[in-house]
Visitor: 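Okay, handing you the structure first.
In each ligand, atom 1 is the first atom listed, and ligand 1 is the first ligand listed. Just so you know, these numbers use all the heavy atoms, side chains as well, and skip hydrogens, waters and symmetry mates.
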Amino acid sequence: MVATVDLSPFMADEGVVVGAVPTASQLAGAKAIDLACRDTGFVQVINFGVSAELRRRAFAAAEALFAQPEEHKRERLARLQPATNTGYAPVGLESLNRARPADLKEAPELGLNNFAGCPNGYEETALELWRALELAARRYALACALALGLETDYFLRSLQRFDLCTLRMPPLDCKRRMLHYPPCDPPAEGRGRQPVSSSAIRVGEHTDFGAYTFLLLGDGAQGLQVKSVAGGEVGGAAGGEGEGWADVVPEPQPEGVVGAVVNTGALLARWTNDVWCATAHRVIVPTAAAAAAHRYSIACFIDPDADFVVAVDPRFARPGEELRYPPTTGLEYLMGKLREAQGVQKPAASGRD
Ligand SMILES: O=C(O)CCC(=O)C(=O)O
Ligand SMILES: [Fe+2]
């Protein structure tokens, strides 16, 4: 079960939000985040500024977007730009684990507000959602700093140019995406929740690249699994597809309370010298019924500004331990990860910085 953290103390203008001493409820929330991030790296946040009504409209907009004919999506939606990882990525294009066949998902990353080809009302709803998630992501940065005993603005400093709505953060615009997993082959008989067949995996094992990810799961979305490791990052072939996977089961919430899964990315794990971990996760097809259903999710990837230097803070070294990683920048790190996911060998041109 994924721990639930109430973010409302960080959404109100009090305590660390206004630069004052943290309130008791902020400290309690930060403690819960710290425990989860040292363990699985996955928490469920509630009261983070997305109403049940906005969530419902967002998934309805995503469904309408994906329900458009294949040809329309390929021809009319913004074209895929590998250098910025924006545009419409059809099923079979992306593989978050290059050791596996392509993921069974489609994902339009409609950056720079190019909403050409989107259904009526999509733009307004998407922007409303991104605005709410941007605020939640900033407040989560405050909570993380408090959780790790750092200066309040420690992570916020890395989000000066962070802007989920306009995505004017060149050269890396890949920040938020609606995800659609169309019906697919059922899992092979008897393999149940530990599939080894490629057809039973919708997203291959990976860790997210940046600082942290906000993930909204659509109604009935099943199959997200994590595999714990002892700190650090596990991806590619390191963890393997075999045993040890556990279902991500967010604690059920009362009617009207929206939950989002937040997970630590590889860059934040690295930043903390692996005090927090970026846990490998994947999306499987658990049952024939799940295979027959459309699965929807919405993900926002929170990354430091392109030119922000992420250097391991010496405070994260355990007694007698070396810092594990040299400094990097938001851009350098993410471009390396994206090139891996796209299977590109040569550095992609940044184009616009
Ligand atoms: O759709 C999901 O549940 C997870 C997707 C994911 O892990 C990702 O896009 O990084
Ligand atoms: Fe992920």
Visitor: Centroid-to-centroid, H281 to F42, below 6.0 Å?
Guide: yes
Visitor: State the atoms of ligand 1, each with its element, that fall below the 4.0 Å cut-off from a heavy-atom position in F301.
Guide: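 Result: 9 (O), 10 (O).
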Visitor: Could you tell me if Y325 and D274 have a donor-acceptor pair between their side chains, going purely by distance under 3.5 Å?
Guide: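 Yes.
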Visitor: Report the atom name of the nearest N/O/S atom of D208 relative to the Fe ion (ligand 2).
Guide: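 Restricting D208 to its N, O and S atoms, the minimum distance to the Fe ion (ligand 2) goes to OD1.
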Visitor: Report, in ascending order of atom number, the atoms of ligand 1 lying under 4.0 Å from any heavy atom of V283.
Guide: 2 (C), 3 (O), 4 (C)
Visitor: Indicate, as side chain, backbone, both or neither, the part of R282 found under 4.0 angstrom from ligand 1 when only non-hydrogen atoms are considered.
Guide: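 The answer is neither.
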Visitor: Nearest N/O/S atom of H206 with respect to the Fe ion (ligand 2), by atom name, please.
Guide: NE2
Visitor: Return the residue, atom name and 0.1 Å-rounded distance of the protein heavy atom closest to atom 3 (O) of ligand 1.
Guide: R295 NH2, 2.9 Å
Visitor: Check whether any side-chain heavy atom of V275 sits under 4.5 Å from a side-chain heavy atom of R318, and report yes or no.
Guide: yes
Visitor: Near S297, which atoms of ligand 1 are under 4.0 Å from a heavy atom of that residue?
Guide: 1 (O), 2 (C)
Visitor: Heavy-atom distances under 4.0 Å are what count here, so tell me which part of A299 touches ligand 1: side chain, backbone, both or neither.
Guide: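 Neither; nothing of A299 gets under 4.0 Å from ligand 1.
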Visitor: Just how far is it from atom CH2 of W271 to atom OH of Y333, taken to the nearest 0.5 Å?
Guide: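 It is 12.0 Å, given to the nearest 0.5 Å.
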Visitor: Is there a side-chain contact between E251 and V2 (heavy atoms, below 4.5 Å)?
Guide: no
Visitor: Counting distance only, does the side-chain N/O of R176 pair as donor-acceptor with the main-chain N or O of C165 below 3.5 Å?
Guide: yes
Visitor: Please confirm whether the backbone N or O of V283 pairs with a side-chain atom of R202, one donor and one acceptor, at under 3.5 Å?
Guide: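 Checked: no pair found.
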Visitor: Below 4.0 Å from ligand 1: does a non-hydrogen atom of V261 turn up there or not?
Guide: no
Visitor: Any idea which part of T213 is under 4.0 Å from ligand 1, heavy-atom wise: side chain, backbone, both or neither?
Guide: neither
Visitor: Is any NZ, NE, NH1 or NH2 atom of the basic residue among K73 and E70 found under 4.0 Å from an Asp or Glu carboxylate oxygen of the other?
Guide: yes
Visitor: If we set the cut-off at 4.0 Å for heavy atoms, which region of H281 has an atom near ligand 1: side chain, backbone, both, or neither?
Guide: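 Only the side chain of H281 comes within reach of ligand 1.
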Visitor: Decide yes or no for D219 and F59: does some side-chain heavy atom of the first lie under 4.5 Å from some side-chain heavy atom of the second?
Guide: no
Visitor: Check each atom of ligand 1 against the heavy atoms of L217 and keep those under 4.0 Å away; list them by number with element.
Guide: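 Ligand 1 atoms under the 4.0 Å threshold to L217: 3 (O).
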Visitor: Hey, does V203 sit under 4.0 Å from ligand 1 if you only count heavy atoms?
Guide: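 Judged by the 4.0 Å heavy-atom criterion, V203 does not count as contacting ligand 1.
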Visitor: Taking only heavy atoms of Y181, which atoms of ligand 1 are found under 4.0 Å from at least one of them?
Guide: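 Counting from 1, the qualifying ligand atoms are 1 (O), 2 (C), 4 (C), 5 (C).
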Visitor: If you measure from each heavy atom of H206 to ligand 1, is any distance below 4.0 Å?
Guide: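 Distance cut 4.0 Å: H206 passes for ligand 1.
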